[in-house]
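Read through the structure below, which is laid out as structure tokens, and then see the notes.
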Amino acid sequence: MQASDRFNINSQLEHLQAKYVGTGHADLNRFEWAVNIQRDSYASYIGHYPMLAYFSIAENESIGRERYNFMQRQSYR
């Protein structure tokens with residue numbers, strides 16, 4: 001691998017990190033990265049009705065209660 005290849009790869013990575021929040025950055029530690037992943041997952045569960053229905057059936061709760069629980073978990077962690 002040549003130096004120009006490494007520079008190109010690093011510049012592409014920096015571009016992606018600036019464009020998309022979830023890809024992280026150089027100063028992001030492991031805990032913050034894990035919290036971002038967890039929040040993204042909760043947001044996805046809330047936004048996709050079939051997943052929300054699946055969790056509500058699995059936990060024997062109403063869909064509204066599951067949505068509320070996911071929003072609470074998303075905001076406190």
For this session: May I ask whether Met51 and Tyr49 are part of the same hydrophobic cluster, defined by side-chain heavy atoms of I, L, V, M, F, W, Y residues being less than 4.5 angstrom apart, directly or through others?
Result: yes
Seminar exercise, completed: In this structure, CZ of Phe31 is separated from CG of Asn36 (nearest 0.5 Å) by 10.0 Å
Exercise. Tell me, do Glu66 and Ile63 make a side-chain contact under 4.5 Å, heavy atoms counted?
Worked result: no
Seminar exercise, completed: One should read off an interatomic distance between Asp40 CG and Gln74 CD, to the nearest 0.5 angstrom, of 8.5 Å
Problem set entry | Path from Met71 to Tyr42 over hydrophobic side-chain contacts below 4.5 Å | yes
Seminar exercise, completed: Here the pair of heavy atoms bringing Ala53 nearest to Ser56 is O-OG, 2.7 Å
Exercise. Which pair of heavy atoms, one from Glu59 and one from Arg73, lies closest together, and at what distance?
Worked result: OE1-NH2, 4.4 Å
Exercise. Mind checking what makes side-chain hydrogen bond (donor to acceptor under 3.5 Å, both in side chains) contact with His48, not counting sequence neighbours?
Worked result: Ser44
Exercise. Between Phe70 and Tyr45, how do the two ring planes meet: parallel, tilted or perpendicular, split at 30° and 60°?
Worked result: tilted
For this session: Kindly write out the residues that satisfy ring-ring contact (aromatic ring centres under 6.0 Å, His included) with Tyr68, not counting sequence neighbours, or none if the list is empty.
Result: none
Seminar exercise, completed: CZ (Arg67) and CD (Glu61) are apart, to the nearest 0.5 Å, by 14.0 Å
